[in-house]
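By convention here, the first residue in the shown sequence is residue 1.
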Amino acid sequence: MNQGRATRGPISQVPQNVQKLAELVRHKVEGRTGPSEEYIVVAYKVQEVGPGTYTSFKIRADNERYVHAEVYQSSPDEEPTLTGLERSRNAWDPLVNVSHVSDH
């Protein structure tokens, strides 16, 4: 399992492809959590399963508000599916086992 961690600061501390993947599901995340002043991935982990990949993110949504999100992508060319979301997280919460949601 690949893991990455970034501290407060510019998006460049997380690989661009990770931030871009999170941006692809931003409308779904904000649809469930409300609008975000920021939307910056500060930590992530990747797990390859069969033909696809699960990516979990810790996203700084506002100054003191974080959300954890998980997406599944069957291939890099496919649209990612939001599979997990946890609201009201903080900077110290570990990024583990994001609760599953329905992507409807």
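Judged purely by atom type and a 3.5 angstrom limit, K45 has no side-chain atom pairing as donor or acceptor with the backbone of T55. Of the possible donor and acceptor atoms, none in the side chain of K58 sits under 3.5 Å from a partner among the backbone N and O of V67. Checked by atom type and distance alone, the side chain of E30 pairs as donor or acceptor with a backbone atom of S36 at under 3.5 Å. In this structure, the side chain of T83 engages the main chain of E70 through a donor-acceptor pair within 3.5 Å. Within the 3.5 Å criterion, the main-chain N or O of V41 finds a donor-acceptor partner in the side chain of Q19.
Here S88 contributes atom OG and H68 contributes atom NE2; the two are 11.0 Å apart, rounded to the nearest 0.5 Å. R65 contributes atom CZ, which lies 10.0 Å from atom CD of E38 (distance to the nearest 0.5 angstrom). How far OH of Y66 is from OG1 of T33: 14.5 Å, rounded to the nearest 0.5 Å. Atom NE2 of residue H27 and atom CZ of residue R32 lie 10.5 Å apart, to the nearest 0.5 angstrom. A distance of 4.5 Å separates CZ in R60 from CD1 in I40, rounded to the nearest 0.5 Å.
Smallest separation of non-hydrogen atoms from L82 and V29: CD1-CG2, 4.1 Å. Taking all atoms of both residues into account, the shortest heavy-atom contact from N90 to W92 is OD1-N, 2.8 Å. In terms of heavy atoms, L95 sits closest to S56 at CD2-O, 3.6 Å. Of all heavy-atom pairs spanning Y39 and I59, the tightest one is OH-CD1, 3.5 Å.
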### Test log, rule salt bridge (Lys or Arg N to Asp or Glu O under 4.0 Å), inputs R26 and E23
CA-CA 5 Å; R26 181 176 184 164; E23 291 288 343; 3.6 Å; yes
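Between L21 and V71 the shortest side-chain heavy-atom distance falls below 4.5 Å.
Residue pairs meeting the salt bridge (Lys or Arg N to Asp or Glu O under 4.0 Å) criterion with at least one member in residues 77-93, sequence neighbours excluded: E86-R89, R89-D93.
Under a 4.5 Å side-chain heavy-atom criterion applied to ILVMFWY residues, the cluster that includes V49 comprises Y54, Y72 as well.
Placement of V98 and V46 in two distinct hydrophobic clusters is found when ILVMFWY residues are connected by side-chain heavy-atom separations under 4.5 Å, directly or transitively.
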